[in-house]
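Right, one structure below, let's go through it.
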Amino acid sequence: MNAIPVRRRSTLTCALTLAAVAVLVPAKPAQAAVGCEVTYTTSSWSTGFVGNAQIRNLGDTWIAPTVQLTLTGNQQITSGWGYDLSQSGTQVIGHGFEWTRPIPTGETLSFGFSGTYTGVNTPPTDWRVNGVPCVLAGQPPAVVAEPTSLSIPEGLSGSFTVRLSHPPAEATSLRMTTRGTGLWASPPVLLTFNSTNWSTPQSFGVYSVQDPDTVDDVAVFTLAYPGYVSDTVTITQVDDD
């Protein structure tokens, strides 16, 4: 592992030099790229509304994909069309009918629903296709890290994943800048994204090195990719002294 000392008011750019983080995180089986962009429109009246969703496929062909979304108010869906929808609390899941055609790259899955609400009819959030989060139409391409914060006990390891929201024009490697305090280590890794693996989460492992102080050090990892909005991961070292 490479040691990454991080001190207050210091910045370190890490050149990532391998293809995977197999040392800390087992490799996952290859899978088809999934990516999606949502356009949602709605019309409301006193206590009722109609919502229409168009989800554009940014990845490989979908075959009867599972769609998920989260309602942000007290909406109750009463009927739907284009997809088989079910609601449990604020969570809505949609499954394709037997006759639902495949959705190739660049084409759109469309469906709608009507329902009731009180108060404000705020739009749904956390749209997903086959478990992968979608972006909203009009949002710029972005680096997506999950989780964006974690705590690692001193002397132990943890990890986060990184992917892109949109496919890149060409293969490029992620750049990482670290600011904060503490002593960290990681396997030397190179996270490279291209037109086929851009939406597949890649793991980055971090080891919290033992140090003599008695404070919970904090480091912020900034993840940058050319032409994309950066994301950050805040890691707290839980001290054991």
Side-chain angles (χ1 to χ4, degrees), residues 1-7 9-37 58-60 105 126 128-136 138-152 156-209 217-237:
M1 289 189 183
N2 287 351
I4 308 176
V6 183
R7 294 291 177 253
R9 296 184 298 278
S10 66
T11 300
L12 174 65
T13 299
C14 307
L16 308 177
T17 56
L18 290 181
V21 195
V23 176
L24 291 182
V25 181
K28 295 182 179 180
Q31 54 182 315
V34 176
C36 44
E37 183 180 64
L58 302 178
D60 295 339
T105 302
D126 195 23
R128 294 174 181 258
V129 171
N130 292 343
V132 175
C134 301
V135 295
L136 297 178
Q139 288 184 336
V143 176
V144 181
E146 294 179 324
T148 55
S149 64
L150 67 157
S151 297
I152 302 177
L156 298 180
S157 62
S159 65
F160 55 87
T161 64
V162 187
R163 63 179 179 84
L164 302 181
S165 66
H166 292 70
E170 58 183 5
T172 308
S173 298
L174 190 78
R175 297 291 295 177
M176 184 178 299
T177 302
T178 308
R179 179 184 296 274
T181 63
L183 184 65
W184 309 84
S186 70
V189 295
L190 179 65
L191 303 185
T192 299
F193 296 94
N194 54 42
S195 60
T196 59
N197 76 343
W198 59 275
S199 67
T200 301
Q202 298 190 45
S203 295
F204 185 81
V206 177
Y207 177 74
S208 175
V209 180
D217 291 302
V218 177
V220 178
F221 289 68
T222 299
L223 314 171
Y225 194 86
Y228 286 66
V229 177
S230 300
D231 202 358
T232 61
V233 177
T234 300
I235 303 179
T236 301
Q237 179 190 62

Nearest 0.5 Å, please: how far is [atom2] in [Y] from [atom1] in [X]?
| X | Y | atom1 | atom2 | value |
| --- | --- | --- | --- | --- |
| Glu146 | Thr148 | CD | OG1 | 8.5 Å |
| Leu58 | Trp198 | CG | CH2 | 5.0 Å |
| Thr232 | Leu223 | OG1 | CG | 7.5 Å |
| Leu150 | Phe221 | CG | CZ | 9.0 Å |

Where do [X] and [Y] come nearest, in terms of heavy atoms and distance?
| X | Y | answer |
| --- | --- | --- |
| Trp184 | Ala219 | NE1-CB, 3.6 Å |
| Gly205 | Pro187 | O-CD, 3.8 Å |
| Leu136 | Glu37 | C-CG, 4.2 Å |
| Ser149 | Val233 | N-CG1, 4.5 Å |
| Gly35 | Ser199 | N-OG, 4.3 Å |

Close side-chain approach of Thr161 to Ser203, heavy-atom, < 4.5 Å: yes

Side chain proximity check, Leu164 to Pro141, heavy atoms < 4.5 angstrom: no

Listed once per pair and sorted, the ring pair (Phe, Tyr, Trp, His ring centres under 6.0 Å) pairs that draw on residues 156-176, sequence neighbours left out: Phe160-Phe204

Qualifying residue, where the test is side chain to side chain contact (heavy atoms under 4.5 Å, CB included) with Ser165 and the options are Val144, Val229, Val143, Asp231: Val144

Taking side-chain hydrogen bond (donor to acceptor under 3.5 Å, both in side chains) as the test, write out the residues that go with [X], two or more places apart.
| X | result |
| --- | --- |
| Asn194 | Thr196 |
| Ser208 | Gln237 |
| Thr192 | Ser173 |

Expected output: side-chain Thr236 to main-chain Val218 donor-acceptor under 3.5 Å: no

For Thr172, all residues meeting side-chain contact (heavy atoms from CB on, under 4.5 Å), sequence neighbours excluded: Glu170, Tyr225, Pro226

